[in-house]
Amino acid sequence: MAKFWRFLGSYVLLLLFQLVKLEDNGGWGLDSSLSDEGACNVDVRDVSSITHTEFLQEYAYTKPIILRGLTDNTKFRFLCSKTSLLREYKDKTVRLSTANTHSYRKVDVKFEEFVRFLLTPQSEETLGSDTLYFFGDNNFTEWHSLFEEYKAPVYDLPHTSPAYSFGIAGAGTGVPFHWHGPGYSEVIYGRKRWFLYPPDHPPEFHPNHTTLSWVTHSYPNLESHNKPLECTIKPGEVLYFPDRWWHATLNLDTSVFISTFLG
């Protein structure tokens, strides 16, 4: 009996160790991470300090906000670990898009091929038209069992309904400046840096240059009145952006993320 309890104790410790490792990065690796998280001038609020009504009055139609503790996606996070996704979806086909402002090219590959061969860090010199990005274009029928475990942000906008876009991307990748309707973005693993401008202040950028290139060459030369709202979001944080706000993203790590578009 004593041997059994020692074995059980060792097993529990091993399981907890594996869960702690999973909690860190989900098996997606941090060896190619970018270290600079940069400044943050976006309002950050804990969900306990802001009501839905205050969100609608102060942010929903006027400016971005980062919310903490909005939902508990522990189970979804577990299902998005590298091991779990490969086990469930390795033979599924995913559609990749070019990572430029005016994306036209689509490429279909097996999910396992994308993870093992295409999920690589971004080179600063690579053009957006040559960078394949896994975000959106997911077959909702095949991924339904995953998406139904996701708890979307509970602060909705009147007369809108949510649509999900799920993504995985390597360090240094990102989508250059563009705009669309309002929505949320949540990081499941990794860190994602955001740059945002209001609708009446479009940024200067080359539509086929990557966000990494813009951050390296254009961002340091911006005058103070042309600098964006910016922040890095981490697991457990959700960024909300209002309608028609310009935004660009930069993944500082290999990142797993999901957006909820409100249309």
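Because only heavy atoms are used, hydrogens play no part in the values below, and waters and symmetry mates are left out as well, while side chains stay in. Since the structure is predicted, the reported quantities are computational estimates derived from the model, not experimental observations.
Between Trp214 and Glu204, the shortest heavy-atom distance links the atoms NE1-O, 3.3 Å. Looking at every heavy atom in both residues, Thr71 comes nearest to Pro153 through CG2-CA, 4.1 Å. Annotation for Gly172 and Leu212: closest pair O-CB, 3.6 Å, computed over non-hydrogen atoms. Closest approach of Asn73 to Glu149, counting heavy atoms only: OD1-O, 4.0 Å.
The salt bridge (Lys or Arg N to Asp or Glu O under 4.0 Å) analysis of residues 221-230, with sequence neighbours excluded, yields the pairs Arg193-Glu230. Among pairs with a residue in residues 236-251, those fulfilling salt bridge (Lys or Arg N to Asp or Glu O under 4.0 Å) read Arg68-Glu237, at least two apart in sequence or across chains.
Counting heavy atoms from C-beta on, the side chains of Leu79 and Tyr150 never come closer than 4.5 Å. Between Phe166 and Phe147, the closest side-chain pair of non-hydrogen atoms falls below 4.5 Å. For the pair Cys231 and Ile66, the minimum side-chain heavy-atom distance is below 4.5 Å.
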Side-chain atoms of residues 256-263: list all donor-acceptor pairs with protein atoms under 3.5 Å, sequence neighbours left out, distances to 0.1 Å.
none

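Residues Trp246 and Tyr219 are members of one and the same hydrophobic cluster, defined by side-chain heavy-atom contacts under 4.5 angstrom among Ile, Leu, Val, Met, Phe, Trp and Tyr. Cluster annotation: Tyr61 is connected to Tyr240 through the hydrophobic network of ILVMFWY side chains, with a link wherever side-chain heavy atoms come within less than 4.5 Å. Trp194 and Val175 end up in the same hydrophobic cluster when Ile, Leu, Val, Met, Phe, Trp and Tyr side chains are linked at under 4.5 Å. Clustering ILVMFWY residues whenever any of their side-chain heavy atoms sit less than 4.5 angstrom apart, transitively, puts Ile188 in the very cluster that holds Ile168. The cluster map of Ile, Leu, Val, Met, Phe, Trp and Tyr, joined by side-chain heavy atoms under 4.5 Å apart, puts Phe134 and Leu132 in the same cluster.
Leu67 contributes atom CG, which lies 11.0 Å from atom OG of Ser48 (distance to the nearest 0.5 angstrom). One finds the CG atom of Leu250 at 8.5 Å from the OG1 atom of Thr210 (value rounded to the nearest 0.5 Å). Once rounded to the nearest 0.5 Å, the distance linking CG of Asp108 with CG of Leu96 reads 7.5 Å. One finds the CD atom of Glu113 at 12.5 Å from the CG atom of Leu119 (value rounded to the nearest 0.5 Å). From Glu186, atom CD reaches atom NZ of Lys234 across 15.0 Å, with rounding to the nearest 0.5 Å. Note that CG of Leu239 and CG of Leu196 are 6.0 Å apart. Values are rounded to the nearest 0.5 Å.
For His180 and His247, the side-chain atoms include at least one donor-acceptor pair closer than 3.5 Å. Side chain to side chain, Ser81 and Ser84 meet the donor-acceptor criterion of an N or O pair below 3.5 Å. Side-chain contact, Asn251 with Thr173: a donor N or O sits under 3.5 Å from an acceptor N or O. Tyr184 and Asp156 form no side-chain donor-acceptor contact under 3.5 Å, judged by distance and modelled atom types alone. Checking Ser97 against Lys106 by side-chain atom types alone, a donor-acceptor pair falls below 3.5 Å. In this structure, a donor-acceptor pair under 3.5 Å is absent between the side chains of Asp253 and Ser255.
Distance alone, capped at 3.5 Å, places no donor-acceptor pair between the Arg95 side chain and the Val109 backbone. Side-chain atoms of Tyr155 never come within 3.5 Å of backbone atoms of Leu56 as a donor-acceptor pair (strictly under, hydrogens ignored). For Tyr59 (side chain) and Pro242 (main-chain N/O), no donor-acceptor pair under 3.5 Å exists by modelled atom type.
Every residue meeting the salt bridge (Lys or Arg N to Asp or Glu O under 4.0 Å) condition with Glu112, not counting sequence neighbours, appears here in chain and number order: Arg116. By the side-chain hydrogen bond (donor to acceptor under 3.5 Å, both in side chains) test, Tyr89 is found to be paired with Ser145, residues two or more places apart in sequence or in another chain being considered. With sequence neighbours excluded, the residues that form a side-chain hydrogen bond (donor to acceptor under 3.5 Å, both in side chains) with Lys63 are Asp43.
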Given the rule in the ring-ring contact (aromatic ring centres under 6.0 Å, His included) test, do Tyr164 and Trp143 qualify, once you have shown the distances and angles that lead to the verdict?
-> CA-CA 11 Å; Tyr164 301 144; Trp143 293 76; over 10 Å; no
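In this structure, Glu37 does not pair ionically with Lys192, as no charged nitrogen and carboxylate oxygen lie closer than 4.0 Å.
Ring geometry for Phe55 versus His52: interplanar angle of 30 to 60°, hence tilted. Ring geometry for Phe111 versus Phe114: interplanar angle of 30 to 60°, hence tilted.
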